[in-house]
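Heads up, the thing below is written out as structure tokens.
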Amino acid sequence: MPIQQSDVLYTAVATAENGRDGRVATDDGRLDVVVNPPRELGGNGAGTNPEQLFAAGYSACFQGALGVVARQEGADVSGSTVTARVGIGKNEDGFGIIVELTATIPNVDADTARSLVEKAHEVCPYSKATRGNITVTTA
């Protein structure tokens, strides 16, 4: 269920200049990066790109959701990592993205890890936002 404006606890603000070949900065100055298309998309690859920024945000958010679920389940996820791979390619509308999330959770068995990842995928705000819009796989 979507939240309402009155439910918002924090709002991130970022402004892009010149789209995929320019600069992106947050209003507080903590993030200020040059963005360029990757070489695979015809760019010079000198800066970061929107897919890398999305992968960074999604992996951090998913790691947080994993921690929430682990606390609820009494599982130890210390030392765990989440890697997001965000692919971009052509589709019938122009371009689309696909995401692969891989969690490494060293202190639990494989079945517990799989269960924690599935539950994290249900509660992660990024997973909720992308559900039904793009293909997201978890491992």
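Note that the numbering runs from 1 along the sequence shown for the chain. All values below come from the heavy atoms of this structure, side chains included, with hydrogens, waters and symmetry mates left out.
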Under a 3.5 Å threshold, yes or no: a donor from one side chain and an acceptor from the other, between [X] and [Y]?
X      : Y      : result
Thr112 : Asp109 : yes
Asn107 : Ser78  : yes
Thr81  : Gln63  : no
His121 : Ser127 : yes

* Residue Gln4 excluded, over 12 heavy atoms near CD under 6.0 Å -> no
Counting only pairs under 3.5 Å, give me each side-chain donor-acceptor contact of residues 66-75, with atom names and distances, residues two or more places apart or in other chains.
from  : atom 1 : to     : atom 2 : distance (Å)
Arg71 : NH1    : Gly67  : O      : 3.3
Glu73 : OE1    : Lys119 : NZ     : 3.3
Glu73 : OE2    : Lys119 : NZ     : 3.1

* Asked: Counting distance only, does the side-chain N/O of Ser59 pair as donor-acceptor with the main-chain N or O of Thr83 below 3.5 Å?
  -> no
* **Ser115 (side chain) donor-acceptor with Asp111 (main chain) under 3.5 angstrom** => no
* Does the side chain to side chain contact (heavy atoms under 4.5 Å, CB included) test come out yes or no for Leu116 and Val77, once each step is laid out? -> CA-CA 9 Å; Leu116 291 170; Val77 294; 4.0 Å; yes
Minimum heavy-atom separation for [X] to [Y], with atom names?
X      : Y     : result
Gly45  : Asn36 : N-CB, 4.3 Å
Val117 : Phe62 : O-CZ, 3.5 Å
Gly19  : Val35 : O-CG2, 3.3 Å
Ile88  : Arg20 : CD1-NH2, 3.3 Å
Ala120 : Ala65 : O-CB, 3.8 Å

* Is it true that Glu51 and Arg85 have a side-chain N and a carboxylate O under 4.0 angstrom from each other? -> no
* To do: Go through the steps for Tyr126 and Leu101 under the test side chain to side chain contact (heavy atoms under 4.5 Å, CB included), then give the verdict.
  => CA-CA 12 Å; Tyr126 273 60; Leu101 298 170; over 6 Å; no
